[in-house]
Amino acid sequence: MGSPEATSDDQELTRRLRDALGWADEGDLQRRLQERVAGDYEVLGPLGRGAAGVVFKARDVRLNRPVAIKCPADSAQRGRLVAIFDEARTLAQISHPNVAAVYALSESPDPPIMVMEFVDGAPIDEALAGQPIDRQLAVFRQVLAAVAELHRRGIVHRDLKPGNILVDRGGTAKVLDMGIAEPMAADGPAGAAPTSVAGTPAYLAPEQSRGAPARPSADVFSLGVVLFEILTGQRPFHGDRAADLVRAICETPAPLPRSLRAEIPGPLQAIMLAALEKDPARRYPTAQHFLLDLDRFLGGEAVIADPTVLQDVLEHGITRHVGDLDRWQNDRLISRSECDYFVDKYERLRDREEFWVLDSRRISFSQVALHLGAWGCVVAAFLAQRYQNVGDGVRTALPLVIFAVLLGLGVVLWRRQNRRVALVLLMAASMVWPLFVYTLLDALKLRLGGSADDMLWLTNPEWLIVTGSWAVLCLLFWNRTKTSAFALLWTLSAVALATAVFALMGMKNWKPDEIAAHYLVPGAVLLGIAIVLDLGWRKVYVATPLYIIGLAIVVAAATKLALDGPTTRWVGVWAMARELGIDEFNPQRQIYYSFMLNGAAYLVFGLLAYRSTQSRSLRRIATILFWLAPSHLLIPVFRLEHERVWRVLPHGWSVPEVVLLVGALAFVLASVPKQMKSFFFSGLAYVALGLYVVTVNHFEDVFAWPIILAVGGLALAVVAWKRPAMFDRARSAPTPAGLRRDR
Amino acid sequence: MSSDEHPITRTSTALLEGLRDSGDESAWREFEARYRPLVFAVARRLGLQDADAEDAAQETLAAFVQAYREHRYDREKGRLRQWLRGIACHKVRDLLRRRGREVSASDRTDAERMLEQVPDAHAQSAWDDEWSKAVLRDCLEQVRGEVEPQTFEAFLLFALREWPARRVAEHLQISEAVVYQSKSRVLKRVRELIGGAEEEIG
């Protein structure tokens, strides 16, 4: 045993074994190849076999660098290799760091050869085994970027598997062997060979194993299998024989990755499952889409993936729970109303809005730009009514035109399934509508049913028309789109309608209740008790009402204190301002400063409460404070501007008007990182107020201004829609914030 | 280690017993796993396209089982592999003929020529060749399961890939002596298994 001299029996047996494995011809092929490329390359030895030939490692004699040469072993492989030459030529134009480069192609003399970059690395599943998730994702992301580039050039890889994705010592991934047509033909169709000896269909998309032409979505599936294997250490589909495996791929749902590796965050699991959808139409259409969603995850944003597997799991769970609830009610464990309550919640889960709504809810800079643009149109429509000098026809026409443009564009985009953008435009259109009605009524000067109780510029019945028609429009839009955004607008319009009704009932003459300021302390004590109950003793259900009652009392009392003026005196700011000569005594301004102090306090307390990872109720309270803070900070600025203080800037601009506009924009932009809808919507409102102030102060006689605003707004919206990348930061290196958030 | 897990090297008696019972799904699946790749490979070599070769394999196995259940197969009269070969060659011819009928008149000569290209001797040698290859692959697979992965890898690289012993040793970080040992161990075991398989098969 162990003799270096091989017997002739051994030689015969190894020859037969090589033959049985289909390797018999490699030595001969290597000799033929060496003769063919003599002078250019020195052929070193076989590296492996593919569908289109044997791959040899060789050395480029002139450049003295290692290369890989693919050379067909028989006529079938020869045909396959030549068939992919066109794709290889396209590939040669791609210079991507994660795609193995094509150096040369040569069809004659026979056999044809393809010379490629030699990659010295390990298959990606081996290279990344046992690594932390963020590291695994960072390397996999390179692969996605490479395949996305192939898809952009119209190349479908068709045979993505760990053996074709090598990772070198430096952690750079390279995709090899693209455009190998019909990978199955290499090893016979599924079922023809046991999986261990021949290749495996484990990475083929269901439609590929049914023989459908490979589209980019097939590569997405293969990448999904690879990602699944990297992250969980096992493949999603199993079968002892190729035929069983193919059946599993076509029919068995993928297991939930989190059941195999619990540290995989939920959104990442959704991405993995979305790539493994059986129906290519439900999968990411290209690697580019896959990459974008993975980047959303890595950037800590909400992902688009909404895999059917998860829906099925949810559906199954809901059905079971609702059954339990019925039983519990019949067993008198819960009351009918409790049962109804839970079933109602489950029904809502079932009727979840489609995934594009999720996308439109996600606040990104491009989304902000889109909203700002559309909002510019709304503000322009609002400002138009101020221009009495241009004639009623023109100032009524502008809002109508803006309404028509927004509505038309919104409806067209909605029909074309670009619902995210359509929704923004339709929301803007629905806001322009009451402005148009208002301007129209104002221009007509009908003075319908005017009386001493009229609250604002129109008569109360006219307000009823404005708010009523608005509410009907919002209700129609909500019914059509079924989105929570329109539900919110519908609520707002309903509140406005209710106010108009109250005005009609004579609200103008109601006296504000004069409740004493000493409610503040009990309110604060109540809040304190709530926090102790919630965080200290975990009595959430007792704490929640205390939070709400305490907060209501504190806010009401703080407001009262601010109105009565003692707040600033107490904290000494007022005296300080007088000492420094910033401002002179003025009770009215004292109120403004007091409100700003309140607003700052709400903001600080809100931010502190929001950081609480333990209490959901406290975070909810923080959200309420975030709704209050912008108005408390910005309305006083608006009032100060009204008082014409601090007009120290050139061309008669005042500090408050600039602060108002900049502050409002700051709130809008500050909404992005933490997805603060409160900042976003109130910020938008104060942007409108700021633009209004600027218009009154500086562009009162320039009718071109609202037109510029409208056109500019529309342009901004269009750019944000067409080129979102201009606003959302490009991510060259992944930042695994999504991981951090979920751990 | 018993040879039960490896299809072709295992005795076929028990399997044939199972096949008698039409309700024994597992016997059919085992039978299919054992012989379908073989018939497929032969059919491909005899000139059928992948899809047709699949059909040929499927029809061959089905026809055999039907004949067997009708007691038309007598183990005394001929070995299983010869029986299967007969059915397979018949099915391949049948499919080639059918293809001939499907193609248009102008292509008929091509199809007919394909038919003529399947003489008995050619079919027989293709069958025997594929059969022994399948046996070898199975034996190799079994050895892969029996020895250390490193031993098998050393054998693959040194004996089959014909890398120099020193390179294999460096690659796997073992001594050259272990490389030689690996080769002879694997070959010895393969030889043992082949002996057993040839006695047992059909």
Side-chain angles (χ1 to χ4, degrees), chain A residues 1-24 26-28 30-31 44-49 51 54 56-57 74 76 120 182-198 209-211 239-244 246-247, chain B residues 5-8 29-30 32-34 36-41 43-44 49-51 53-54 57-58 129-145 155-165 167 175-188 190-191 194:
Chain A
M1 219 189 194
S3 159
E5 295 304 317
T7 65
S8 63
D9 272 2
D10 282 355
Q11 278 177 3
E12 170 61 13
L13 183 54
T14 52
R15 190 198 61 73
R16 282 176 61 203
L17 283 170
R18 270 202 297 278
D19 188 39
L21 293 174
W23 295 354
E26 278 174 18
D28 181 45
Q30 180 173 346
R31 273 185 294 282
L44 302 171
L47 283 169
R49 299 178 72 93
V54 181
F56 292 94
K57 184 178 179 182
D74 58 37
D120 188 11
E182 295 117 19
M184 302 211 59
D187 309 313
T195 52
S196 49
V197 172
S209 51
R210 282 195 291 265
D240 290 340
R241 292 182 308 126
D244 296 336
V246 168
R247 200 171 308 125
Chain B
E5 292 166 21
H6 295 278
I8 289 190
R29 282 167 63 138
E30 231 184 295
E32 206 191 3
R34 187 185 286 198
R36 181 200 273 273
L38 180 71
V39 182
F40 174 82
R44 282 284 286 130
Q49 296 295 311
D50 284 352
E54 273 275 83
Q58 176 66 33
D129 197 31
E130 288 301 329
W131 182 277
S132 56
K133 276 187 192 172
V135 171
L136 277 173
R137 278 199 298 268
D138 263 356
C139 294
L140 203 58
E141 266 311 301
Q142 176 156 354
V143 179
R144 189 205 290 267
F155 164 77
L156 275 188
L157 293 176
F158 178 56
L160 300 190
R161 291 278 183 211
E162 293 180 304
W163 284 21
R167 196 169 145 217
S175 73
E176 282 186 49
V178 174
V179 175
Y180 290 116
Q181 253 174 38
S182 303
K183 176 180 169 181
S184 60
R185 268 186 61 196
V186 173
L187 284 179
K188 181 162 170 269
V190 168
R191 202 169 277 127
I194 294 173

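Here is how names work: the chains are called A, B, and so on, in the same order as the sequence lines, proteins then strands, and each is numbered from 1.
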Please step through side-chain contact (heavy atoms from CB on, under 4.5 Å) for the pair B:L187 and A:D9, ending with a clear verdict. CA-CA 10 Å; B:L187 284 179; A:D9 272 2; over 6 Å; no
Would you call A:D10 and B:R191 a salt bridge, taking side-chain N to carboxylate O under 4.0 Å as the test? yes
What part of B:L140 is in contact with chain A, defined as an atom under 4.5 angstrom from a non-hydrogen atom: side chain, backbone, both or neither? side chain
Under 4.5 Å heavy-atom distance to chain A, tell me which part of B:A57 shows up: side chain, backbone, both or neither. neither
For A:T14 and B:F158: C-alpha separation, side-chain torsions, deciding distance, then whether side-chain contact (heavy atoms from CB on, under 4.5 Å) applies. CA-CA 10 Å; A:T14 52; B:F158 178 56; over 6 Å; no
